[in-house]
Amino acid sequence: MAATDGRTGKRPNSVWLTERPPLKRKADQPAGLGLDKIVAATVRLLDAEGLAKFSMRRLAAELGVTAMSVYWYVDTKDDLLEIALDSVMGEMRLPDEADTERDWRDHLRSLADEYRTLLTGHAWVARLLGTYINIGPHSIAFSNASMRVMKESGLSLQQITGGLSAVFQFVYGFATMEGLFNARCAEAGVSVDEYFHQVMTAVQSRPEFAETMENSTKVMEARGGTTVREMRDRDFAFALDLQIEGIEAMRGRPGD
């Protein structure tokens, strides 16, 4: 059954709920242009220039065609962005559930790592995940894989969605902040480590930051890692373990 808007009874807007007649190439359509090529160019532009600068006119220029040629394949910019979002969702490797050597914890860590990689590798994805209903084939495959893994955790049916939220909303928040920091460094024209050291140097001599610097220095020394990436990886792994330990602690408890 198709999803509906509870207030109006109408279907929500989604390219995946829209039936489009089969395309018939017109004589004046550019040779070699197709939806796959358009989506690939869209992803490249979004990665390079960001969501705010993306436009159908900019995309058409990148492809060397007119905007009307692009609209032959998609009805709206939103439709194209929704397709591009699902396209990169397909980059995530899903667990091999036939691998009996790994249990649900391993599969959950794998899914969380893939989700983090997606969000940090495509900074625009975080915004679009909150814009569309995400029912494309790759999004659904990831959702189904996550649900199957969580069912294996031993949580009750009432607890499963909360368990999924605890893990993947944590990953979303962690990776979104990580991606924004990476983007800020790129805009400044420096590496992540260079930017981090610039900030630390700028504040370490300021008295109002004395307590923060003392605490931060001790924590970073205890945490270990010589690069920002190493420190992030350690934090991510530990925070994810906390989520998994929480799931294990809640197993067998009666649901609300």
Flag for [Y]-[X]: side-chain donor and acceptor within less than 3.5 Å:
{"X": "Thr226", "Y": "Glu230", "answer": "yes"}
{"X": "His138", "Y": "Glu91", "answer": "no"}
{"X": "Gln198", "Y": "Thr201", "answer": "no"}
{"X": "Asp78", "Y": "Tyr132", "answer": "yes"}

Pairwise side-chain contact, [X] with [Y], heavy-atom cut-off 4.5 Å (strictly under):
{"X": "Thr42", "Y": "Phe54", "value": "yes"}
{"X": "Thr66", "Y": "Ser69", "value": "yes"}
{"X": "Val190", "Y": "Phe196", "value": "no"}
{"X": "Ser156", "Y": "Met250", "value": "no"}
{"X": "Leu59", "Y": "Leu80", "value": "yes"}
{"X": "Val125", "Y": "Tyr115", "value": "no"}
{"X": "Ile38", "Y": "Met56", "value": "no"}
{"X": "Phe236", "Y": "Leu240", "value": "yes"}

Checking [X] side chain against [Y] main chain: does a donor-acceptor pair fall under 3.5 Å?
{"X": "Asn134", "Y": "Leu129", "answer": "yes"}
{"X": "Glu187", "Y": "Arg184", "answer": "no"}
{"X": "Thr18", "Y": "Ser14", "answer": "yes"}
{"X": "Tyr73", "Y": "Leu33", "answer": "yes"}
{"X": "Asp79", "Y": "Val74", "answer": "no"}
{"X": "Tyr195", "Y": "Ala188", "answer": "no"}
{"X": "Ser87", "Y": "Ile83", "answer": "no"}
{"X": "Thr176", "Y": "Tyr172", "answer": "yes"}

A quick test of your reading: do over 12 heavy atoms of other residues, nucleotides or ligands sit less than 6.0 Å from [atom1] of [X]?
{"X": "Arg127", "atom1": "CZ", "value": "no"}
{"X": "Arg102", "atom1": "CZ", "value": "yes"}
{"X": "Glu208", "atom1": "CD", "value": "yes"}

Using a 6.0 Å distance limit plus a 45 degree cone around the ring axis, check whether Arg116 lies over the aromatic ring of Phe174. no
Common cluster, [X]/[Y], ILVMFWY with side-chain heavy-atom separation under 4.5 Å:
{"X": "Ile140", "Y": "Leu164", "result": "yes"}
{"X": "Val167", "Y": "Phe238", "result": "no"}
{"X": "Ile133", "Y": "Trp16", "result": "yes"}
{"X": "Met231", "Y": "Leu180", "result": "no"}
{"X": "Val228", "Y": "Met177", "result": "no"}

Could you check whether the rings of Phe142 and Phe168 sit parallel, tilted or perpendicular, using 30° and 60° as the cut-offs? perpendicular
What side-chain hydrogen bond (donor to acceptor under 3.5 Å, both in side chains) pairs are there with at least one residue in residues 142-154, not counting sequence neighbours? Glu97-Arg148
Under a 4.0 Å threshold between the charged nitrogen and the carboxylate oxygen, would Asp241 count as salt-bridged to Arg109? yes
Verify salt bridge (Lys or Arg N to Asp or Glu O under 4.0 Å) between Arg229 and Asp193, making sure each step is shown before the conclusion. CA-CA 8 Å; Arg229 177 69 194 209; Asp193 290 319; over 6 Å; no
Salt bridge (charged side-chain N to carboxylate O under 4.0 Å, His left out) partners of residues 58-74, not counting sequence neighbours, each pair once: Glu49-Arg58, Arg58-Glu62
